[in-house]
Amino acid sequence: MSAPNNQPLSFVLPLPFDEAIQAVTGKGNRITWSWRDMTSQEHALEFTVAKAMSLDILADIRTALERAIKEGRTERLFAKDLEGILKAKGWWGQQEMIGPDGKPHIVQLGSPRRLETIFRTNLQTAYMRGRHQQMIANADDRPYWQYVAVMDSRTRAAHRALHGKVFRFDDPVWGHIYPPNGFRCRCRVRALSGLRLDREGLQVEDSRKYLTRLPVSDDPLAPTVALRLPGMNEPFIPDPGFDYNPGKSLAAWDKNALKPDCPGGFSFAERHPGNCIRILPGQKNWRDYGRPDLRDVGDGFRLPAPQLLTKGADTTEALAILKSTLKVGDGQPMRVINTPVDPVVIRAEWLPHLVAKRDQTRERYAQYIVPTLENPFEVWLTAYEDGYRRRFIGLFRDQRDLLSVVRENRDGSVLWNIIRMKDTELNKQRTGELIWKK
């Protein structure tokens, strides 16, 4: 990665802890020409260094980073370990390389500046991800999170404006502003109890009043929201490539057991076994937004009907059908689907729950999933007991319509579900904030 030409700043590596170490060691490897070749979510899940075009070079850099975070090594020692290795293998200085376009380009490979950027970006992201995991685990006792900037002459004005602001841990804003929010960002988040909140006289903000969605861009790294709280002269917009929460994007699904269906909500237990996660009452619905009854929506607003697949003979075969259709598996464990709102990550390890209930034969509707996410009729942000879920409504010309719900668990993991239902039942699911529509 390359970074803006800022003046040097001090970088103190915190003491290592297990969650931060896992944030580095748990990633896959990806060879890329440019850091823009991957989405923000992919950067959280895969380790890459732009123009490290061999796994050998990538492994050397990764090994040095893993050693640094495990042993608490400084940036100077990290660079000292790596510089000689990279020079010996010819990955240093400016060189001519053939790019993806088949043409020669003069590119910058290893340099002290690049090693500094690689070290700071990866280590800061790992520590913030680990800290997020710790804070989520303690959210019952400390549910209020405060944005903390380093208030010195090098602090960016937008980051300075967020300093001291408090939001609940499940406020949707943390999916966009959880640090780091740019190259060399030194911001952090601290968790507060209700008692501490009162003692310090702090006010809890609700970002839903002040979050504005930016126009959808062809650039997968483009920021998606702007936040402008009262008193802020300019809106806060994350830097390109940093509009995501590294803790939510990287964590693996916690694989809690499925529970009996819950009225109005999901059938999954989270932190409190046996408890259902219900939709909160009193939210707006499709009538409040003046939207049409789905029974009256014509074929002009419906997607072509995909082929209905064969039912799997058992859970193993059903899962294989799902993986094949969604193009994820052992060789490609992750896929990012670009939706009209935020990207949705599909990982192979998160699919078994979709075929666990064999009477629903969900694998038969696998070809409906991606069109629903990429080209939905509506997208709703719905409030549940423990936070918010994005609900994608997909309408098809064969009336096999689909509700796809993208769920961000309290531990930061992502889980998504598909439910096929008739238009009359689908109308009941159109509740919350309408964030996208045809």
Side-chain angles (χ1 to χ4, degrees), residues 1-14 16 20-21 23-40 42-128 154 156 180-186 219-222 239-242 246:
M1 291 187 177
S2 60
N5 291 323
N6 295 356
Q7 56 181 308
L9 50 85
S10 60
F11 186 84
V12 179
L13 188 66
I21 293 171
V24 175
T25 61
K27 288 187 176 186
N29 287 325
R30 180 81 68 88
I31 291 176
T32 59
W33 173 259
S34 167
W35 73 281
R36 304 188 69 87
D37 291 344
M38 290 165 53
T39 67
S40 303
E42 288 176 300
H43 277 290
L45 295 161
E46 306 285 340
F47 177 74
T48 191
V49 174
K51 299 175 182 64
M53 305 304 287
S54 74
L55 287 176
D56 183 38
I57 296 296
L58 199 61
D60 287 333
I61 299 173
R62 178 168 181 160
T63 297
L65 277 170
E66 290 181 358
R67 183 183 180 190
I69 196 168
K70 289 177 180 178
E71 300 178 7
R73 294 169 69 82
T74 65
E75 178 187 317
R76 183 181 63 82
L77 290 175
F78 164 80
K80 181 180 179 182
D81 289 345
L82 204 50
E83 183 173 336
I85 295 173
L86 296 179
K87 284 182 175 179
K89 294 186 176 182
W91 200 81
W92 197 261
Q94 289 191 342
Q95 296 187 26
E96 183 178 284
M97 295 182 68
I98 302 299
D101 57 2
K103 299 178 181 179
H105 298 265
I106 301 299
V107 299
Q108 177 65 56
L109 301 180
S111 70
R113 176 75 173 184
R114 281 210 71 189
L115 293 186
E116 175 191 35
T117 300
I118 291 167
F119 180 86
R120 295 184 180 184
T121 302
N122 283 277
L123 270 293
Q124 177 74 344
T125 301
Y127 274 94
M128 290 301 101
R154 297 188 293 269
R156 281 162 271 204
N181 285 304
F183 288 109
R184 301 178 173 232
C185 173
R186 298 169 292 160
D219 181 358
L221 296 180
D239 288 356
F242 289 88

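- The CZ atom of R186 sits 13.5 Å away from atom CG of N181, with the distance rounded to the nearest 0.5 Å.
- Pairing each heavy atom of I69 with each of A126, the nearest pair is CD1-CB, 3.8 Å.
- Counting heavy atoms from C-beta outward, M97 and L109 have side chains that approach closer than 4.5 Å.
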Test log, rule side chain to side chain contact (heavy atoms under 4.5 Å, CB included), inputs F183 and T117:
CA-CA 8 Å; F183 288 109; T117 300; 4.1 Å; yes
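- For the pair P180 and R120, the minimum side-chain heavy-atom distance is 4.5 Å or more.
- T32 and M53 get closest at one heavy-atom pair: O-SD, 3.4 Å.
- Scanning all heavy atoms of the two residues, the minimum distance from L82 to A64 falls at CD1-CB, 4.0 Å.
- One finds the CE atom of M128 at 11.0 Å from the CG atom of L123 (value rounded to the nearest 0.5 Å).
- Under the side chain to side chain donor-acceptor pair (under 3.5 Å) criterion, the residue pairs touching residues 90-102 are D101-H105, with sequence neighbours excluded.
- Taking OG1 from T121 and CD from E116, the interatomic distance works out to 9.5 Å, rounded to the nearest 0.5 Å.
- Judged purely by atom type and a 3.5 angstrom limit, R114 uses its side chain to pair as donor or acceptor with the backbone of Q108.
- L58 approaches A52 most closely through the heavy-atom pair CD1-CB, 4.1 Å.
- One finds the CD1 atom of I118 at 5.0 Å from the CD1 atom of I61 (value rounded to the nearest 0.5 Å).
- Rounding to the nearest 0.5 Å places CZ of F119 at 9.0 Å from CG of L77.
- By the salt bridge (charged side-chain N to carboxylate O under 4.0 Å, His left out) test, D56 pairs with K89, sequence neighbours left out.
- Rounded to the nearest 0.5 Å, atoms CZ (R73) and CG (D81) are 4.0 Å apart.
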